[in-house]
A.B. asks: 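Take this structure first; my questions come after.
The shown structure was predicted, so the numbers you read here are calculated from the model rather than taken from an experiment. Ligands are counted one by one from 1 in listed order, and the atoms in each one are counted from 1 as well.
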Amino acid sequence: MNFHILSLFPEMVLQGLSTSITGRAAKQGKIHIDAVNIRDFSEDKHRRVDDYPYGGGAGMLMQAQPVYDAWQQVTKPLFSQEKRKVRTIYVTPQGEPFTQKKAEEFAAADDLVILCGHYEGIDERVLEEVVTDYVSIGDYVLTGGELAAMVIVDAVARLVPGVLHNDASAETESFHGNLLEHPQYSRPEVWHEKRVPEVLLSGNQKEVDKWRLEQSVLRTKERRPDLYESYRQMQECKELLMTQKLLHIDMIEAINRGAAQLVYRKGKEILLYHTQAGIFYHTDPEEKEEPYLYEWGEGLCERELSGANTLAQGALPSGAMVSEAMPDCLVLHQERYIAKAEQLFSLKHTMTCSHAVYTKKEKAPVSGLYRPDGKPMGNGLTIQPLHAEHADFVKENYRKMSPEYLAGRIEKGAMFGAFLGEQLAGFAGIHDDGGIGMLFVHPQYRRQKIAQALETYLVNLLLERGMTPYGQIETDNDASLQLQEKLGLYVAKSPVFWLEK
Ligand code: SAM
């Protein structure tokens, strides 16, 4: 990922970010940070970049021209690749508050431009032309945007795959799923006569996890009642969804993984948004003539017609309220709403899938499939994460998803290959919504239990991460449905319905 900082004090940003984890990530090429001095673009013989504000008032203002020229130099090469405006953040106390959610959203970009103001700020006209996001790091006024830019780079960089050695740690930290992190302890066991809580020394991981969750909930309730309220609402939704666990596993897992935003709940009717996958999930277990979904959709259409709704399809832009966004992927959990939803949201019913869910807590047996210690089986088989060099093989052999999506999954460490010696025989992965899928075994290597090995590997990997493994199988794919049942997954009786652009 590339960060481009536009500033009057580039050395401040570069020095600050050159140490510790961001410094190491830059050295390893996982991130790239460049800082451009806006003053280098001044056309004034004294290299001035500021002037008095029209209408009077205290202080000086940064002028439009040097800022614009600096921005153009940085973004020109990027425009030709992407043919669209590069995400450009102006850090300002007038912006939207910077949050973990926003950091996650920014981390999905390849390039981020961050514009730092100074003095009393920047001429409004250039901001209107270049800025896509106005972001504040808090309700206080700094002398310049450099510290704010550093805060953003730090928080975003650590979400880039490979920057933290342990990628799982970014997933379990404070703000994940609206809960603050539990307290942590390290050696010694006793310090200032205070003992580490007994349960953490017990070696019983289940008990440890339970304790940590309880502590997270307590801490959030005490310190951040606002976050706690969102957590509580989501738990209520989860309880409702659990009454049909197999049907709703996609929604339940989105909540468990901290990736769900509640768009609305009306009685038992729920609409969730999956923040990582950009998917809306709807369920309405009680038969109703008019679900609230229709009213919500009609409201969106009216807003669009009146020009008030600028939130078109695609990844939600910064600061967008999910409740105002037109879905471009909607998963319905009841068939009766398909026709009306297609019409309301201009979507097409593309797939009917059944959930296959691994409901046991203990891992699936691996004997005869693969060795969990990573060593080769008798036939030479190992299962390993895939890397960029395998992307072509995956793209050629899996046409159901776009090449960009598959490359992204590989980069996130979510694709795994079955290797026979050096030879890649097949692969499977975890979708951005958390489901297992993208299974392929090369015809030459079929009937050797490779598909079973790959799927069992993913089931056990997800269990290790405390998740419920599940996949979505198209209802006419008998071979896959049979494989799921053979592996001990339960297939839901009622399917779900994918509506897409
Ligand atoms: N007059 C401006 C206003 O009231 O919005 C404040 C200008 S401030 C003194 C100078 C620069 O510091 C801003 O242009 C902005 O880039 C940065 N800055 C100050 N406070 C900030 C904050 N809380 N978050 C992000 N950037 C901030």
A.B. asks: Going by the angle between their ring planes, with limits at 30° and 60°, are Tyr398 and Phe427 parallel, tilted or perpendicular?
C.D. replies: perpendicular

A.B. asks: Can you say whether the rings of His118 and Phe9 are parallel (under 30°), tilted (30 to 60°) or perpendicular (over 60°)?
C.D. replies: tilted

A.B. asks: Going by the angle between their ring planes, with limits at 30° and 60°, are His355 and Tyr470 parallel, tilted or perpendicular?
C.D. replies: perpendicular

A.B. asks: Report yes or no: do Glu214 and His182 form a side-chain donor-acceptor pair below 3.5 Å?
C.D. replies: no

A.B. asks: List of N/O pairs, ligand 1 versus protein, all under 3.5 Å?
C.D. replies:
from, atom 1, to, atom 2, distance (Å)
ligand 1, 1 (N), Glu120, O, 3.0
ligand 1, 1 (N), Glu120, OE1, 3.0
ligand 1, 5 (O), Gln94, NE2, 2.8
ligand 1, 12 (O), Gly145, N, 3.4
ligand 1, 14 (O), Tyr90, OH, 2.7
ligand 1, 16 (O), Val91, O, 2.5
ligand 1, 16 (O), Gly117, N, 2.9
ligand 1, 20 (N), Leu142, N, 3.0
ligand 1, 23 (N), Gly138, O, 3.0
ligand 1, 23 (N), Tyr140, O, 2.9
ligand 1, 24 (N), Ile137, N, 3.1
ligand 1, 26 (N), Thr92, N, 3.3

A.B. asks: Take the angle between the ring planes of Phe280 and Trp296 and call it parallel below 30°, perpendicular above 60°, tilted in between.
C.D. replies: tilted

A.B. asks: Hey, is CZ on Arg125 packed in by over 12 heavy atoms from elsewhere, all under 6.0 Å?
C.D. replies: no

